[in-house]
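To keep things clear, I will list the structure first and then write my remarks on it.
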Amino acid sequence: MNRKNILKISAILLASLGLNAQTVTKLSTDQFEFVEGPVWDGDDVIYFSDIPASKVMSYTLSTNTFAEAFGNTNRSNGLMFNENFDLILCEGEAGRVTRRGIDGTILEVLASEFNGVRFNDPNDLCIDKKGGVYFTDPNFVFTHQPENRLYYRNSAGEISIQETFAVNDASRPETRDKPNGVIISPDGLTLYVDNTFSKNIYKYDIDQTTGALSNKTLFGELPDNSANTGADGMAVDTTGKLYVTAKAAIHVFDGSQLAPISTITGFNESVTNCTFGGTAKDILFATGGRNLYQITGLGVTGFQHPFDLPEPTLSVNEVEIDQNIDAIYPMPVIDHDFTVKLTNDIVVEDVMLYSLNGTEFPVTGFNVVSGKEIKVSLNKALDKGTYLFNIGTSGGLIGKKIVIK
């Protein structure tokens with residue numbers, strides 16, 4: 001059989017198997033110390049952490065150039081943009097999670113302690129559609145908390161333990177488990193977490209109202225039975241496939257089996273994290289050791305968090321106010337008490353509820369939990385019909401029509 005026919009048959013086999021010609025390209029020249037946490041800005045730049053240098057670096061796709069975005073990051077690791085394109089950082093040395101401007105200005109400390117004790121070494125994070133942050137807190141370098149845990153910080157700033165992986169006791173080898181990579185599925189219903197000292201990758205159901213996790217289930221297994229599998233950062237594509245970095249490879253899982261359905265190799269060092277980017281979101285960028293890599297030819301579209309996540313399902317006593325007074329929002333019932341979620345922080349001076357014929361339904365009280373959340377109490381449940389809910393602010397009225405069916 002001649003070479004041309006062999007190539008033709010090979011191409012047919014690749015197509016039939018759904019595989020693509022993957023190409024791993026090293027973009028840098030070993031100039032970094034140890035890089036982690038890549039994230040795409042949605043335009044033309046990949047940002048990533050150089051941990052020992054305490055810097056966030058940038059790579060501009062259109063010019064193939066690197067630059068320092070900002071320093072003094074307290075050995076930052078995982079990064080992710082929120083919906084306002086503020087950069088959220090896991091700052092391991094300071095034991096905290098912060099929100100910063102792209103110039104490095106600290107806008108807010110989101111989490112710095114639990115039960116009055118600083119976190120160990122916040123490692124990786126993922127943001128949900130409501131602005132809640134899941135983050136892992138192993139003790140690779142620093143030990144302060146008694147356990148290595150996965151936490152959730154909701155949009156109101158409340159922090160809760162979602163999973164405990166190990167008690168921090170150096171004399172007990174079974175306590176070495178360290179949660180590392182964390183990512184949300186494209187439908188927003190599932191959270192994936194891996195563990196550097198385990199081959200197991202777990203998934204959890206996400207409560208769409210509270211963000212709480214439940215139903216821990218084994219999702220995949222890395223093909224490595226050593227004590228330290230190197231399981232690290234993760235990414236997902238729009239079909240729901242999970243990309244897990246571990247040692248010098250990226251393993252791809254689709255949930256159809258525990259073993260990876262494919263493995264991306266071609267790295268000369270351990271791969272620490274990955275994210276999709278580029279105009280078509282079809283390039284997988286990976287950090288590894290001293291370099292940034294790109295993987296092309298995957299034939300998939302990547303998923304960006306939290307921008308691509310579906311809107312969260314509201315509970316029956318929760319109303320979303322988006323400052324569009326003509327918007328219609330169908331609700332099955334509104335009881336004596338309900339919650340109003342706002343898209344922007346505003347100063348609330350009064351709340352009012354009317355039927356379309358002008359009848360006012362007295363609001364017996366309201367409590368502004370935060371600038372974006374108001375607890376409202378009524379003197380009775382509302383019947384079926386259309387109502388207008390108004391919020392008085394210093395800048396005037398905003399409101400929304402509510403249809404109860």
Side-chain angles (χ1 to χ4, degrees), residues 20 22-40 46-53 56-57 59 61 66 75-80 90 92 123-126 136 138 140 178-183 192-201 219-237 241-254 259-278 281-298 300 302-305:
N20 297 274
Q22 301 168 6
T23 301
V24 176
T25 304
K26 188 170 80 168
L27 300 172
S28 51
T29 56
D30 301 319
Q31 68 262 47
F32 305 113
E33 296 185 47
F34 186 82
V35 293
E36 251 278 13
V39 62
W40 181 48
I46 297 288
Y47 292 89
F48 58 96
S49 295
D50 191 347
I51 298 178
V56 167
M57 307 301 299
Y59 170 72
L61 281 63
F66 290 93
R75 294 176 61 93
S76 66
N77 193 325
L79 310 174
M80 186 168 282
C90 285
N123 186 285
D124 202 5
L125 76 158
C126 191
T136 54
F140 284 112
K178 302 183 192 303
N180 198 320
V182 58
I183 200 76
Y192 302 103
V193 180
D194 65 23
N195 174 355
T196 299
F197 285 85
S198 171
K199 67 178 182 179
N200 295 336
I201 300 160
F219 178 77
E221 293 181 340
L222 294 168
D224 187 340
N225 290 315
S226 64
N228 183 347
T229 63
D232 213 317
M234 301 187 286
V236 292
D237 66 28
K241 289 193 291 294
L242 180 69
Y243 298 73
V244 182
T245 62
K247 294 185 176 175
I250 300 176
H251 302 280
V252 186
F253 300 83
D254 69 354
I261 59 170
S262 64
T263 297
I264 303 170
T265 58
F267 308 95
N268 296 321
E269 52 198 334
S270 292
V271 190
T272 58
N273 211 330
C274 58
T275 192
F276 282 95
K281 290 184 286 189
D282 59 349
I283 304 172
L284 185 62
F285 292 89
T287 47
R290 297 169 63 87
N291 294 286
L292 178 70
Y293 296 81
Q294 70 174 22
I295 302 95
T296 56
L298 291 170
V300 298
F303 194 83
Q304 287 293 313
H305 289 81

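Just so it is clear, the model here is predicted, and its values are computed rather than measured.
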Residue pair [X] / [Y], side-chain heavy-atom distance below 4.5 Å:
{"X": "Phe253", "Y": "Leu222", "answer": "yes"}
{"X": "Arg75", "Y": "Pro52", "answer": "yes"}
{"X": "Ile283", "Y": "Trp40", "answer": "no"}
{"X": "Val236", "Y": "His305", "answer": "yes"}
{"X": "Gln294", "Y": "Leu61", "answer": "no"}

Could you tell me the separation between the [atom1] atom of [X] and the [atom2] atom of [Y], rounded to the nearest 0.5 Å?
{"X": "Asn77", "Y": "Phe140", "atom1": "CG", "atom2": "CZ", "answer": "9.0 Å"}
{"X": "Thr287", "Y": "Phe267", "atom1": "OG1", "atom2": "CZ", "answer": "9.5 Å"}
{"X": "Gln22", "Y": "Thr263", "atom1": "CD", "atom2": "OG1", "answer": "9.5 Å"}
{"X": "Tyr59", "Y": "Leu292", "atom1": "OH", "atom2": "CG", "answer": "7.5 Å"}
{"X": "Met57", "Y": "Phe32", "atom1": "CE", "atom2": "CZ", "answer": "4.5 Å"}

Query raised in the report: More than 12 non-hydrogen atoms from neighbouring residues, nucleotides or ligands closer than 6.0 Å to CG on Asn268, yes or no?
Result: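 No, because the 6.0 Å sphere around CG of Asn268 holds 12 heavy atoms or fewer from other groups.
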
**Report entry** Residue that, paired with Tyr243, satisfies side-chain contact (heavy atoms from CB on, under 4.5 Å) out of Thr275, Ile295, Val300, Val271
**Finding:**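 Single pass found, and it is Val300.
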
Within the distance-only criterion (no hydrogens, no angle test), does the side chain of [X] pair as donor or acceptor with the backbone N or O of [Y] below 3.5 angstrom?
{"X": "Thr196", "Y": "Ala231", "value": "yes"}
{"X": "Thr245", "Y": "Gly233", "value": "yes"}
{"X": "Ser226", "Y": "Asn228", "value": "yes"}
{"X": "Thr272", "Y": "Val35", "value": "yes"}
{"X": "Asp232", "Y": "Asn273", "value": "no"}
{"X": "Ser198", "Y": "Asn200", "value": "yes"}
{"X": "Glu269", "Y": "Arg290", "value": "yes"}
{"X": "Asn123", "Y": "Pro138", "value": "no"}
{"X": "Asp50", "Y": "Phe34", "value": "yes"}

Query - Mutual orientation of the aromatic rings belonging to Phe48 and Phe66 [parallel < 30°, tilted 30-60°, perpendicular > 60°] - result: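 Ring orientation, 0 to 90° scale: perpendicular.
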
Closest approach of [X] to [Y] (non-hydrogen atoms, all atoms of both residues):
{"X": "Ala246", "Y": "His251", "value": "CB-CD2, 4.1 Å"}
{"X": "Ile183", "Y": "Cys126", "value": "CA-SG, 3.8 Å"}
{"X": "Ala235", "Y": "Leu284", "value": "CB-CD1, 4.3 Å"}
{"X": "Pro179", "Y": "Thr136", "value": "O-CB, 3.6 Å"}
{"X": "Ser76", "Y": "Ile51", "value": "O-CG1, 3.2 Å"}
{"X": "Ile250", "Y": "Cys274", "value": "CD1-CB, 4.4 Å"}

Report task. For side-chain contact (heavy atoms from CB on, under 4.5 Å), just list the numbers for Lys199 and Asn225, CA-CA rounded to whole Å, side-chain angles, deciding distance to a tenth of an Å, and then say yes or no. Result -> CA-CA 7 Å; Lys199 67 178 182 179; Asn225 290 315; 3.0 Å; yes

Query raised in the report: Is it the case that Asn291 and Asp30 place a side-chain donor and acceptor less than 3.5 Å from each other?
Result: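 Short answer, yes.
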
Report task. Might you work through the side-chain contact (heavy atoms from CB on, under 4.5 Å) test for Leu27 and Phe285, ending with a clear yes or no? Result -> CA-CA 10 Å; Leu27 300 172; Phe285 292 89; 4.1 Å; yes

Query raised in the report: Yes or no on side-chain contact (heavy atoms from CB on, under 4.5 Å) for Leu298 and Asp237, after CA distance, side-chain angles and deciding distance?
Result: CA-CA 10 Å; Leu298 291 170; Asp237 66 28; over 6 Å; no

